[in-house]
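Here is the structure we will look at, set down as structure tokens.
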Amino acid sequence: MMVSQFISRLKALIRKETRQMLRDKSNVGVGLALPLVLILLFGYGLSFDVKNSPIAVVLQDNSSAIREVVSGLEGSQYLAPVWVGSMSEAEDLLRAGEVSGIVRIPVDFSVQQGKGNAKIQLIVNGVDSGTASAIEAYVSGAINLALQKRADRLGTATSGAGVTLVQRTWFNEASNSTWFIVPGLIVLIMTLIGAFLTSLLIAREWERGTLESLFVTPVRPLELVISKLAPYMAVGIIDLVFCLLAAKFLFEVPMRGSLLLICFASILYLMVSLLIGLLISGRTKNQFLASQMALILSFMPALMLSGFVFDIRNVPVVIQVISNILPATHFMTLIKTLFLAGNEWSMILKECAILLFYIVLLIVATRKTLVKKLG
Amino acid sequence: MGELTALVGPDGAGKTTFMRVLCGLLKPDSGSVTVLGCDVSKEPQEIQNRISYMPQRFGLYEDLTVRENLDLYADLHGVSKDERAARFERLLKITDLARFTSRPAGNLSGGMKQKLGLACTLVRSPELLLLDEPSVGVDPLSRRDLWQILQQLVEEEKLTVLVSTAYMDEAERCGKVFVLNQGKLLEQGSPASLTKLAKGLTYTVNPKPGIKARDIQARLIDAKDIIIDAVPRGGAVSFIKQKHAEVPQIEKLLNGDHVEPREEELEDAFMMLLREHEDAEGNAESAPTVSSSTAALSSSDQTAASKPVIRVQNLVRKFGDFTAVDSTSFGVGRGEIFGLLGPNGAGKTTTFRMLCGLLPASSGHLEVAGLNLRDARTEARGRIGYVAQKFSLYGNLSVKENLEFFAGAYGLFGKKLKTRVAEVVEQFQLDPRAQSGELPGGYKQRLAMAAGLLHEPEILFLDEPTSGIDPLARRMFWRTITELAQGGVTIIITTHFMEEAEYCDRIAIQDAGKLLALGTPKEVRELAGETYARDMNSAFIGIVEQNRAALKSEAEAKSKQNDGAAA
Amino acid sequence: MSAISSYIFRIIFLIRKETLTILKDPKSRAVLIAPVIMQALLFGYGATYDLNHARFAVLDLSRSDASTQLLSHIEGSVFFERAATLSSAAQIPEMINSGKVLFVLSFAQDFEQRLNAGEQAPVQIILDGRNSSTAGAAAGIVGAIIASFNQSLNSDVLLSNESNLVIERRAWYNPNLQSRWQIMPALIAALSMLQTLLLSALSVAREREQGTFDQLLVTPMTPMQILIGKSLPSIFIGLLQSTFILLIIRFWFEVPMNGSPLVMYLGLISFTIAAVGVGMSISAVSLNMQQAMLFTFLLIMPLMLLSGLLTPVSNMPEFLQVATYMNPLRFGIDLVRRVYLEGAGLQQVAFDFVPMLVLATLTLPLAAWLFRHRLS
């Protein structure tokens, strides 16, 4: 009897929340349209992979050997050399942001080369340090390759003793940044629904005074929590399907772990995210504050501190600790592993347990904010 | 069992707090409350399962339809499908909402919302029904309907109802009345036994021809030491004298006008109790006064004669297919108090918003002080004052900050600003440091008035300024209004308290966008016909219902005609 | 009193009221100041692409002097920290998969023998590619360390070889290519925009919801006055937040500032005005606070992504690069970075002003017009 009453009340409340959600077009916008836009923006717009980066090349010494070396730059798909007559002109271009770097062959290059003392100067614009590092790597790679070819052709190749680095990148052989951005996107979208949609739910009922009438009914706080979660869970799951389809067919990110596990983990995190939104909403009782708090406490940290683009292994210990408090970080680790590495059971169990722990904690806390008391 | 009990008292009397304690939403600081045999603080859920409660701002989900709102509450109370069909049919019938089941609650008029709120609390027959001021902001027709529903249910289902209200005619319908003030119980008893408290103190006076009833009323109400209360009614003035005051003393005050005793009413007893309590507490408030001089008794007959300051001709406003205001015409003269009455959703607020330039008219001519405010130069707006329907000043600013802002917005600054702010603070007896949002209703309303008067406007627009305000505060409010009118300020006001129409020089009654009656209160009462002319409330109901009946028969005749044509 | 001074007085009163409503509530006061400072500090430390004591494991089957010597070079750098020493190749997957280490260096048994024989001795580096940019950075640094190790190996036999070529690198404006220098200045614009946008988007919507906007419209204030009065506090708060972040970057993180504060603030003012313009337009369109917030959220995400905050605009496909011209944040970030790091003068960043000012001149009058003309 108790259970059947619970179920029927719950059904009524879920129906109500679903209707309210669907009637407001802006909910549909944030819940469904925004994720689609984000998938496309993230997939295509966010890329760490430098392509056709313009660099100025200043040849102050103009021998055939040099031209051969420098021509290596043209072969690179990452670089777009611009031939410039003088250093001052090149510097102007760099200053104006027209080129990202300057390759300068000094006047005495040929002379010095004969002495085995040759130098090429590379100037990069450090404002964009990522691009700058990449350009450095590509320029030296291209020049060395050209040198190698030349040496092979001339038969002057000397292989002295030396260590060669044989690089193997697991999980992402081509170092394609889309591969780690797209799984991270799932984290962001799941966070977004919680932060932007559910954070307003309880605050709105407080502001509009609807909670007072609801309180004086047989409704239990837990039923309110569950009913507010349910419709947004559905939205989250639809978004998840969008993400998975895009990952698989649009961006061709490998899914090395089991699809079932990916879905399970995503749903766990979705619950955490929705509950954080509800908790903020219930605590602030004010839509303005709730939205600000959700942005500051939930969304921004998930974007910046969860290991989405910035690897947490690089940050100071204090930040690592903070980052590890965020549920988003745990889900980020989990989802990247599931996509790129595979079913890594010990890690999966650990991270899922952490997410479950957050769910329980948050349900208890949210339920408390809905205890039937005013004032 | 099967009883109606009323909780009456001014703002801040503790009515809402008391209701919330009964529902288990607030914990009493000390003492215990037992509802239906359960201790509220120990078993709140048990009580919440058995009672129904309608808060002041009933929490309807405005984005859900009427039907969906009802279904939600029925589901929550575990009403079975079979019971529901019959119950809903009956509720929809008595609330007259059957036509609107698929309309979102947000699109209902205020009165319909209240009825739907009531229906939601009645999806099953609760053991106890708590209603917190269910009739605030509701027009007389809806108010009458609401009470008919309540009384019907009390009789048929033996419902026990506790209702808080500011209307004494509502309290009169209850079996028992509790009078609260400042958290204290002043008196309790049946309406009849309470009414007796005012026995022998109630009188009425007919003003001499050419003298306005409201001027007499003003003079009486200012004489606090001998008069407890006075209101204009049906062209005369009803008043209550202090116990110690002698009739000749009063007649002297009225320059020899003859006063006659009249039968006491519950409202008289209520006003008397409040005055006694306030006097005992030593915090009697005097009405805000515009000038220190007492109201003059000379009639200001230049009003009617003077050129109209507001002219409205064939004003129309449509929202899509819906015509909110339909070819309305009227004029208002300088220094006149003009009342705009009508049921919820009649188009009063729309008319108002067009007059103030907040909404463009679909067609028709509109002139306020010779200008259309919508596209008038900004200086023209400096000549009007506007007090919106619900409190619309900045709640988190202090009284002084609000006043200073609006003074600045109206172009006052420097020393002039300071003196004006100080003047209105003094005049309306406001605490400049108090936070506006936390003021009790009556004070909020005073503050809103104060803000609207800072720049000494020629015309003052007041949209339902007295909704949700207790009788005491309303008396003070009207005292201010009559003073202003005497000073030559033109006042346009809407209200749901029909007795307040008696303060107006002329009134217009609007329904469904159309103007049904226009004239002095007396003329309008006479227009309503004899059966309704008793007081303004019944005159209003009469006029609106006669019109609706006429429309209905007209529509029926039309449809018959069409049927005939089709056949 | 002249018309102009009365015009200005009215605006001042509105500004005063707006500021009071925003700042009076201790909660919203806190929400406007504390988070910006906190985020600036957190992200200052947290938002970095630079390796910092990245953990790695070693599988050294050669157990030789040469491998030990090379490892000491790698461990001696601030970038890496050895977390484990493995004994068999079977242990590698566990190390990488669990994320315990970023990479494993594996030396074959004949490592030293090959070196001594004057041959090329391979070292294998196995990287965790789940974050490909970190993996790439690690490989690059290890490669550079090995290159210098090779040079020291051969220095005694200094080969007079023309393929012996040195690339001398210099990075302007950010000599050590620290990613913090790149990201932090961008935050001056990005973090403050988040809140100014929301603040301005709510300013009118809140008044509409609470019914106070009508009260404002019946006063003699013109829409332009209301617009100016409502915008200025948001702009001021945005600039204040920017200033906090700027100070944190300059004095806490000690990133040297090369540009003139004047140009910086001219840029920030234009940027904030553009952001507030967008916010005010949202506000004027919205019926209530909820709508205003959701519209803002709908906008904020694409604005942040297409701004160059996380990844350079130049890496985006052509059509998205075109779309960024509507994004004030893109130019705000570009301007702030260039003025802060490059010391660019007004002339060099002049172009950045154009899209921001165009946006402001479109959105602000639109908002003012919408105040009165939004259909009810």
Could you tell me which portion of [X] (side chain, backbone, both or neither) has an atom closer than 4.5 angstrom to a non-hydrogen atom of chain A?
{"X": "C/Leu102", "value": "both"}
{"X": "C/Gln178", "value": "backbone"}
{"X": "C/Leu202", "value": "side chain"}
{"X": "C/Glu209", "value": "side chain"}
{"X": "C/Gln124", "value": "both"}
{"X": "C/Arg338", "value": "side chain"}
{"X": "C/Thr48", "value": "both"}
{"X": "C/Ile126", "value": "both"}
{"X": "C/Ile145", "value": "neither"}
{"X": "C/Phe351", "value": "neither"}
{"X": "C/Leu298", "value": "both"}
{"X": "C/Pro93", "value": "both"}
{"X": "C/Leu320", "value": "side chain"}

(request) Work out which heavy atom in C/Leu198 is nearest to a heavy atom in A/Ser291; give both atom names and the distance. (result)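 The pair with the smallest heavy-atom distance is CD2-OG, 4.0 Å.
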
(request) Quick one: closest heavy-atom pair of A/Val315 and C/Tyr45, and the distance? (result)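 For A/Val315 and C/Tyr45, the tightest heavy-atom pair comes out as CG1-O, 3.6 Å.
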
Under a 4.5 Å heavy-atom cut-off, does chain C meet the side chain of [X], its backbone, both or neither?
{"X": "A/Phe339", "result": "neither"}
{"X": "A/Gln121", "result": "both"}
{"X": "A/Glu344", "result": "side chain"}
{"X": "A/Ile322", "result": "side chain"}
{"X": "A/Asp24", "result": "side chain"}
{"X": "A/Ile312", "result": "neither"}
{"X": "A/Gln320", "result": "neither"}
{"X": "A/Leu297", "result": "neither"}
{"X": "A/Glu351", "result": "neither"}
{"X": "A/Leu289", "result": "side chain"}
{"X": "A/Leu200", "result": "side chain"}

If you count heavy-atom pairs under 4.5 Å with chain C, which of [options] comes out on top?
{"options": "A/Ala33, A/Ala132, A/Gly101, A/Pro316", "answer": "A/Pro316"}
{"options": "A/Ile319, A/Val124, A/Asn52, A/Asn286", "answer": "A/Val124"}
{"options": "A/Ser100, A/Gly29, A/Gly126", "answer": "A/Gly126"}
{"options": "A/Leu303, A/Leu188, A/Asp311", "answer": "A/Asp311"}

(request) Give a yes or no on this: more than 12 heavy atoms of other residues, nucleotides or ligands lie within 6.0 Å of atom CZ of A/Arg95. (result)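 Count over threshold, so yes.
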
(request) Give a yes or no on whether A/Met293 atom CE has more than 12 heavy-atom contacts from other residues, nucleotides or ligands under 6.0 Å away. (result)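 Check fails, neighbour count at 12 or below.
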
From [X] atom [atom1] to [Y] atom [atom2], the distance as rounded to the nearest 0.5 Å:
{"X": "A/Phe180", "Y": "C/Asn131", "atom1": "CZ", "atom2": "CG", "answer": "4.0 Å"}
{"X": "A/Ile181", "Y": "C/Leu310", "atom1": "CD1", "atom2": "CG", "answer": "8.5 Å"}
{"X": "A/Ser129", "Y": "C/Arg180", "atom1": "OG", "atom2": "CZ", "answer": "11.5 Å"}
{"X": "A/Asn314", "Y": "C/His53", "atom1": "CG", "atom2": "NE2", "answer": "11.0 Å"}
{"X": "C/Gln195", "Y": "A/Ile296", "atom1": "CD", "atom2": "CD1", "answer": "4.5 Å"}
{"X": "A/Thr131", "Y": "C/Asn315", "atom1": "OG1", "atom2": "CG", "answer": "5.5 Å"}

(message) Under a 3.5 Å cutoff, is there a donor and acceptor pairing between the side chains of A/Asn125 and C/Glu342?
(response)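 Yes - a donor-acceptor pair under 3.5 Å links their side chains.
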
(request) Would you tell me whether A/Arg204 and C/Gln290 have side-chain atoms, one donor and one acceptor, within less than 3.5 Å of each other? (result)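 The criterion, which ignores hydrogens and geometry beyond distance, is satisfied for C/Gln290 and A/Arg204.
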
Check whether any side-chain heavy atom of [X] lies under 4.5 Å from a side-chain heavy atom of [Y], and answer yes or no.
{"X": "A/Trp179", "Y": "C/Arg130", "answer": "no"}
{"X": "A/Val127", "Y": "C/Gln182", "answer": "no"}
{"X": "A/Met304", "Y": "C/Leu187", "answer": "yes"}
{"X": "C/Met304", "Y": "A/Met300", "answer": "yes"}

Between [options], the one whose heavy-atom pairs under 4.5 Å with chain A are most numerous:
{"options": "C/Leu70, C/Asp334, C/Leu294", "answer": "C/Leu294"}
{"options": "C/Ile146, C/Ile183, C/Val313", "answer": "C/Ile146"}
{"options": "C/Leu191, C/Leu305, C/Thr324, C/Thr296", "answer": "C/Leu305"}
{"options": "C/Pro317, C/Ser179, C/Ala47", "answer": "C/Ala47"}
{"options": "C/Leu341, C/Val349, C/Val104, C/Leu105", "answer": "C/Leu341"}
{"options": "C/Met316, C/Arg337, C/Arg170", "answer": "C/Arg170"}

(request) Could you please spell out the steps behind the side chain to side chain contact (heavy atoms under 4.5 Å, CB included) verdict for A/Leu305 and C/Phe43? (result) CA-CA 7 Å; A/Leu305 299 178; C/Phe43 300 159; 3.8 Å; yes

(request) Applying ring-ring contact (aromatic ring centres under 6.0 Å, His included), name anything that partners C/His73, two or more places apart in sequence or on another chain. (result)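 Result, ring-ring contact (aromatic ring centres under 6.0 Å, His included) vs C/His73: C/Phe149.
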
(request) Name the orientation class of the two ring planes belonging to C/Phe297 and A/Phe196 (parallel below 30°, tilted from 30 to 60°, perpendicular beyond 60°). (result)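 Aromatic pair C/Phe297/A/Phe196 classed parallel.
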
(message) Enumerate the salt bridge (charged side-chain N to carboxylate O under 4.0 Å, His left out) contacts for residues 286-296 of chain A, please, sequence neighbours excluded, ordered by first and then second residue.
(response)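 For residues 286-296 of chain A, and leaving out neighbouring residues, there are no salt bridge (charged side-chain N to carboxylate O under 4.0 Å, His left out) pairs at all.
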
(message) I'd like to know whether C/Met301 forms a side chain to side chain contact (heavy atoms under 4.5 Å, CB included) with A/Leu192, so could you lay out the CA-CA distance, the side-chain angles of the two residues, the decisive distance to 0.1 Å, and finally the verdict.
(response) CA-CA 10 Å; C/Met301 287 299 303; A/Leu192 179 133; 4.0 Å; yes

(request) Give a yes or no on whether the backbone of C/Asn52 and the side-chain of A/Arg313 come within a donor-acceptor separation of less than 3.5 Å. (result)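 Not confirmed, A/Arg313 side chain does not pair with C/Asn52 backbone.
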
